[in-house]
Undergrad: 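The structure under discussion is supplied below as structure tokens; questions concerning it will follow.
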Amino acid sequence: MTRKIVVGYDGSETARRALDFAMARARAENNSIVIAHVLEWSPYSFLTPSEVEERHRRRSEELQRAETAILAPVVAEVEQAGIPVATALRYGHIAETMARIAKDEDAAMLIIGRMGHSGFAARIFGSVAATLAQASPVPVVIVP
């Protein structure tokens, strides 16, 4: 029976190590991988109707850029390694959205890098890794 491993990927060095770890695990256990990328977005702002329309347009463009620049190259690499792969590209609070993706995908585990591109802010406000370690519905592997 194949299980899904969700791996958080933002293009950082630690995300790369997390993906490498996930690929090795998937190969060894005949699992599939879901590469998840979350674009941080706060729904808490007061906008005019024209600002809402502009924000929606920008979100669509950002999702397309993330799909092309961040996910497509690593998906091709994982496919080339013979590992079944899918993607999850979403907007939201990173830790909450990653936990939701793991639940929605019925994942066996979630693998993330210790620190992604949000390094300085994470030290001040709390890290995605720490939040997921406490709130994830599945086991979390944090790769240094």
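Quantities reported herein were computed from a predicted structural model and do not represent experimental measurements.
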Undergrad: If you look at every heavy atom in Ala15 and Gly8, which pair is closest and at what distance?
TA: CB-O, 4.0 Å

Undergrad: So, for Ile83 and Met23, which heavy atoms are closest and what is the spacing to 0.1 Å?
TA: CD1-O, 3.6 Å

Undergrad: Any donor-acceptor pair under 3.5 Å linking the side chain of His37 with the backbone of Leu89?
TA: no

Undergrad: Any donor and acceptor pair, going by atom type alone, linking the side chain of Asn31 with main-chain N or O of Ile5 inside 3.5 Å?
TA: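 Not a single qualifying donor-acceptor pair exists.
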
Undergrad: Are Val34 and Thr87 close enough that some pair of their side-chain heavy atoms sits under 4.5 Å apart?
TA: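 Result no, sub-4.5 Å side-chain heavy-atom pair not found.
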
Undergrad: For Val74 and Arg16: C-alpha separation, side-chain torsions, deciding distance, then whether side chain to side chain contact (heavy atoms under 4.5 Å, CB included) applies.
TA: CA-CA 9 Å; Val74 292; Arg16 180 68 231 193; 4.0 Å; yes

Undergrad: Quick one: closest heavy-atom pair of Ala135 and Ala99, and the distance?
TA: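 Taking Ala135 first and Ala99 second, the nearest heavy atoms are O-CB, 4.5 Å.
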
Undergrad: Determine, step by step, whether Ile33 and Lys4 satisfy the side chain to side chain contact (heavy atoms under 4.5 Å, CB included) criterion, reporting the C-alpha distance in whole Å, the side-chain angles of both residues, the deciding distance to 0.1 Å, and the verdict.
TA: CA-CA 6 Å; Ile33 292 177; Lys4 291 182 184 177; over 6 Å; no

Undergrad: At their closest point, which heavy atom of Val7 faces which heavy atom of Ala22, and how far apart are they?
TA: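 Shortest heavy-atom separation between Val7 and Ala22 comes out as CB-CB, 4.1 Å.
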
Undergrad: So do Val128 and Val38 actually touch side chain to side chain, heavy atoms under 4.5 Å?
TA: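 Not touching, per the 4.5 Å side-chain cut-off.
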
Undergrad: So which atom in Val138 and which in Ala107 form the shortest heavy-atom distance, rounded to 0.1 Å?
TA: CG1-O, 3.2 Å

Undergrad: Using 0.5 Å steps for rounding, measure from the CZ atom of Arg65 to the CG atom of Leu39.
TA: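 Result: 9.0 Å between the selected atoms.
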
Undergrad: Please report the shortest heavy-atom distance between Ala95 and Leu132, naming the atom on each side.
TA: O-CD2, 3.4 Å

Undergrad: Counting only heavy atoms not in Gln80, do more than 12 fall under 6.0 Å of its CD?
TA: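 Counting neighbours around CD of Gln80, 12 or fewer heavy atoms of other residues, nucleotides or ligands fall under 6.0 Å, so no.
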
Undergrad: Within the distance-only criterion (no hydrogens, no angle test), does the side chain of Ser136 pair as donor or acceptor with the backbone N or O of Pro139 below 3.5 angstrom?
TA: no

Undergrad: Would Arg100 and Glu105 pass as an ion pair if we require N to O under 4.0 Å?
TA: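 Glu105 and Arg100: not salt-bridged.
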
Undergrad: Say you draw a straight line from CG of Leu63 to CZ of Arg90; how long is it, rounded to the nearest 0.5 Å?
TA: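 Reported to 0.5 Å precision, the distance equals 10.5 Å.
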
Undergrad: Could you state the interatomic distance from OG (Ser12) to CD1 (Ile112), rounded to the nearest 0.5 Å?
TA: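 With rounding to 0.5 Å, OG (Ser12) is 10.5 Å from CD1 (Ile112).
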
Undergrad: Do Leu110 and Met98 have side-chain heavy atoms sitting under 4.5 Å apart?
TA: yes

Undergrad: Pick from Ile101, Val140, Asp104, Ile111: which one makes a side-chain contact (heavy atoms from CB on, under 4.5 Å) with Val6?
TA: Ile101

Undergrad: Could you tell me whether a side-chain N or O of Arg17 sits under 3.5 Å from a main-chain N or O of Val143, the two making a donor and an acceptor?
TA: no

Undergrad: Taking everything shown except Asp106 itself, do over 12 heavy atoms lie less than 6.0 Å from its CG?
TA: no

